[in-house]
Amino acid sequence: MIDVARTLRTAALAAGVSLAARAALRRTRPGSAQLWERENYAGRSVDLCAGPAVTVGVAAGVLAADPGTRGAALVATLAAGACGAYDDLAGACDPRRGFRAHLGALRDGELTSGAVKLIGISAAGLIAGALLKARAADKLLAGVVVAGAAHFVNLVDVRPGRAAQAALALGAAGLLRGSLAAAPMGAAAAVLPDDLAERGMLGDAGAHALGAAIGVAIVAGNGRAGLAAHAAGLVAAAAFGEHVSEWARKDLGQDSRERGLGQGLRQTVNSPV
């Protein structure tokens, strides 16, 4: 049975802390204002305050979620957010993208920020899986799901609002199995309007934190068969990451409008005069 009250508390706490943390970061801009500024895909200046804010917000929401999931979710969320934040800062000028590029650099003796992120989030996923599952095979599958979910949400974070929308869509099904999914959903919903308005972006910190928390929710609500299915899908998404990101870049609303216009033109041409 769904604990509606706990779910609502979890979402509200995550949303409230995310908004408060983002506002505090925008006021203070620790380090320097330039450190928090980035140029988005359209060349507009946006800030990265939402990323750390969402990480803290999700972690706060986790504390109100189901007791058996809290430790694993905190480990995965905070580690993913920290690794993502490191990549946001240290890898800002690094043009290399994707597993192959960073693993290739690692093979040549260079530890890139992307490789640090890959290793750190993978390790956090395995720790989270070990906290949630008893059997070795399940622990491994759980680690793949947590790390894979974190990577997937980051893969689609190529246009305003995509990562937050993905978190809301992926988390919705998890609400039927527990309150944990409400934490990333609450945080994502809180920052989505600002993201869509192109005033700020989640960056790697926010996208990975949201994805990792959703991954833990998936692990907590599934047995081996479910874990295997999710792991297979996420591994496939990672393998075809460029195609996933390209799909996420599409303006679905524009595509719909263009299809509607095309249909209208065809109707006009085919209609009797």
Do the side chains of [Y] and [X] get nearer than 4.5 Å, heavy atoms only?
X: Leu234; Y: Val144; answer: no
X: Val153; Y: Leu170; answer: yes
X: Val156; Y: Ser245; answer: no
X: Val56; Y: Ser18; answer: no
X: Val116; Y: Asp87; answer: no
X: Met185; Y: Val58; answer: no
X: Leu227; Y: Lys133; answer: yes

When you group the ILVMFWY residues by side-chain heavy-atom contacts below 4.5 Å and let the links chain together, are [Y] and [X] in the same group?
X: Leu25; Y: Leu48; value: yes
X: Ile127; Y: Leu78; value: no
X: Ile214; Y: Leu131; value: no
X: Leu63; Y: Leu175; value: no
X: Leu141; Y: Ile218; value: yes

Original post:
Are more than 12 heavy atoms from other residues, nucleotides or ligands located less than 6.0 Å from atom OH of Tyr41?
Top reply: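 Atom OH in Tyr41 is packed in, count exceeds 12.
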Is a side-chain donor or acceptor of [X] paired with a backbone partner of [Y] at a separation under 3.5 angstrom?
X: Asp66; Y: Ser179; answer: yes
X: Thr69; Y: Ala65; answer: no
X: His151; Y: Ala147; answer: no
X: Asp138; Y: Arg224; answer: no
X: Asp195; Y: Gly161; answer: yes

To the nearest 0.5 Å, how far apart are [atom1] in [X] and [atom2] in [Y]?
X: Leu155; Y: His243; atom1: CG; atom2: NE2; answer: 12.0 Å
X: Leu180; Y: Thr10; atom1: CG; atom2: OG1; answer: 8.0 Å
X: Leu210; Y: Phe152; atom1: CG; atom2: CZ; answer: 13.0 Å
X: Met201; Y: Arg44; atom1: CE; atom2: CZ; answer: 11.5 Å
X: Arg29; Y: Arg27; atom1: CZ; atom2: CZ; answer: 11.5 Å
X: Gln165; Y: Leu168; atom1: CD; atom2: CG; answer: 7.5 Å

[X]/[Y] ion pair, N-O < 4.0 Å:
X: Asp194; Y: Arg26; result: yes
X: Arg162; Y: Asp157; result: no
X: Arg199; Y: Asp47; result: no
X: Asp3; Y: Arg6; result: yes

Minimum heavy-atom distance [X]-[Y], with the two atoms named:
X: Val146; Y: Ala76; result: CG1-CB, 3.9 Å
X: Val216; Y: Ala128; result: CG2-CB, 4.3 Å
X: Trp36; Y: Pro30; result: NE1-O, 2.8 Å
X: Gly203; Y: Asn154; result: O-OD1, 4.5 Å

**OP:** Please step through side chain to side chain contact (heavy atoms under 4.5 Å, CB included) for the pair Leu140 and Leu126, ending with a clear verdict.
**Re:** CA-CA 6 Å; Leu140 179 59; Leu126 290 172; 4.1 Å; yes
**OP:** Verify the distance criterion only: is there a donor paired with an acceptor across the side chains of Asn222 and Arg177 at less than 3.5 Å?
**Re:**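 Distance-only check passes for Asn222 and Arg177.
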**OP:** Apply side chain to side chain contact (heavy atoms under 4.5 Å, CB included) to His208 and Ile121, showing your working.
**Re:** CA-CA 9 Å; His208 281 300; Ile121 294 176; 3.6 Å; yes
